[in-house]
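Heads up: the structure comes next, in structure tokens.
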Amino acid sequence: DAKTTQPPSMDCAEGRAANLPCNHSTISGNEYVYWYRQIHSQGPQYIIHGLKNNETNEMASLIITEDRKSSTLILPHATLRDTAVYYCIVRVAGGGADGLTFGKGTHLIIQP
Amino acid sequence: GAVVSQHPSWVICKSGTSVKIECRSLDFQATTMFWYRQFPKQSLMLMATSNEGSKATYEQGVEKDKFLINHASLTLSTLTVTSAHPEDSSFYICSAAGGARAYEQYFGPGTRLTVT
């Protein structure tokens, strides 16, 4: 799986949009960008994934650059409950049979 | 989303004893289950992958005789830490995939193991 690079930490004010960047310059053509988050002392939670088009669901939006070398996860209206470590993972879709490789992620802190 | 449970949520055991952790997929049949370990302030590390009815595949550096994994049914996998030592104290997390949910992994809430 391609390696990803994320800032170690970010702050965001409650109610504002949180934009979390991820670099994945070595991504292959058949690899998707997945985002998970882990709230303290809990198991990871799937957020969203995409290949090359922007994606949106009830939790977040995912913006992938045209060259696919980077992406941004957007939480449109951050709440205190969004404080967590966010992991950007690049993997082949349909890879439910493969274990995930977690990097260090970004610790997002939502400030009241 | 799919529901995966773990039991117990936390456990304290004495050095030298064994402890079993259960991982259950509650609303789907998990043909594949994964076990991860997370030390404080570190990221999750994959320990092993198990397919129902088959022997688990362990990651490099994980002792298969120490961390026994059984995936005897499509809804249950167990991880047994044998002869536990204080350095085995960690947060153990399972995930499951399969059936209609084969393209994604769903994580359990984790089990905090403390070995004294």
Side-chain angles (χ1 to χ4, degrees), chain A residues 1-10 20 22 24 30-51 55 57-60 62 73 81 83-109, chain B residues 1-6 9-10 21 23 25 28-52 54 56-60 62 69 71 90-114:
Chain A
D1 291 340
K3 182 179 177 180
T4 62
T5 304
Q6 299 177 251
S9 66
M10 292 182 63
L20 291 90
C22 178
H24 32 78
N30 64 343
E31 289 182 316
Y32 287 64
V33 180
Y34 279 76
W35 283 84
Y36 291 82
R37 73 179 182 183
Q38 185 180 24
I39 296 170
H40 182 62
S41 294
Q42 296 184 24
Q45 176 189 22
Y46 164 81
I47 300 174
I48 198 168
H49 75 282
L51 180 63
E55 301 288 344
N57 63 21
E58 65 278 4
M59 289 184 67
L62 174 60
L73 178 74
R81 289 177 294 180
T83 292
V85 179
Y86 287 76
Y87 296 99
C88 170
I89 297 173
V90 173
R91 58 184 284 229
V92 176
D98 299 323
L100 297 177
T101 300
F102 287 83
K104 296 186 177 181
T106 296
H107 187 192
L108 175 66
I109 300 171
Chain B
V3 179
V4 176
S5 70
Q6 283 185 240
S9 56
W10 61 270
I21 302 169
C23 176
S25 58
F28 70 103
Q29 294 186 323
T31 50
T32 306
M33 286 186 166
F34 306 87
W35 287 96
Y36 297 81
R37 180 169 54 181
Q38 185 176 34
F39 292 108
K41 298 188 184 300
Q42 295 187 23
S43 191
L44 285 80
M45 294 293 293
L46 178 67
M47 298 176 67
T49 302
S50 72
N51 292 297
E52 186 264 339
S54 302
T57 302
Y58 291 81
E59 296 298 302
Q60 191 172 9
V62 178
I69 293 172
H71 189 172
S90 187
F91 192 49
Y92 291 87
I93 305 167
C94 72
S95 69
R101 305 182 185 280
Y103 290 89
E104 194 44 69
Q105 292 182 35
Y106 296 88
F107 287 84
T111 296
R112 177 77 58 191
L113 170 63
T114 302

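By convention in this document, chain letters (A, B, ...) are assigned in the order of the sequence lines, proteins followed by strands, and residues within each chain are numbered from 1. Model, not experiment: these values are computed from the prediction. Computation of the quantities below employed the complete heavy-atom set of this structure, encompassing side-chain atoms and omitting hydrogens, waters and symmetry-equivalent molecules.
Here the CG-OG1 distance, from A:Asp98 to B:Thr32, works out to 9.0 Å after rounding to the nearest 0.5 Å. Of the inter-residue distances, the one linking B:Gln105 atom CD with A:Tyr34 atom OH reads 9.5 Å to the nearest 0.5 angstrom.
In terms of heavy-atom proximity, A:Pro44 sits nearest to B:Phe107 at O-CB, 3.3 Å. A pairwise comparison of heavy atoms in A:Gly103 and B:Ser43 identifies O-OG, 2.5 Å as the closest pair.
In this structure, chain A has heavy atoms under 4.5 Å from both the backbone and the side chain of B:Leu44. Looking at A:Gln45, neither its backbone nor its side chain comes within 4.5 Å of chain B, counting heavy atoms on both sides.
Remark: side-chain polar atoms of B:Gln38 are not paired, donor with acceptor, to backbone N or O of A:Gly43 under 3.5 angstrom. Judged by distance alone, the side chain of B:Tyr36 and the main-chain N or O of A:Leu100 form a donor-acceptor pair under 3.5 Å.
Applying the 6.0 Å contact sphere to CE of A:Met10 captures more than 12 heavy atoms from other residues, nucleotides or ligands.
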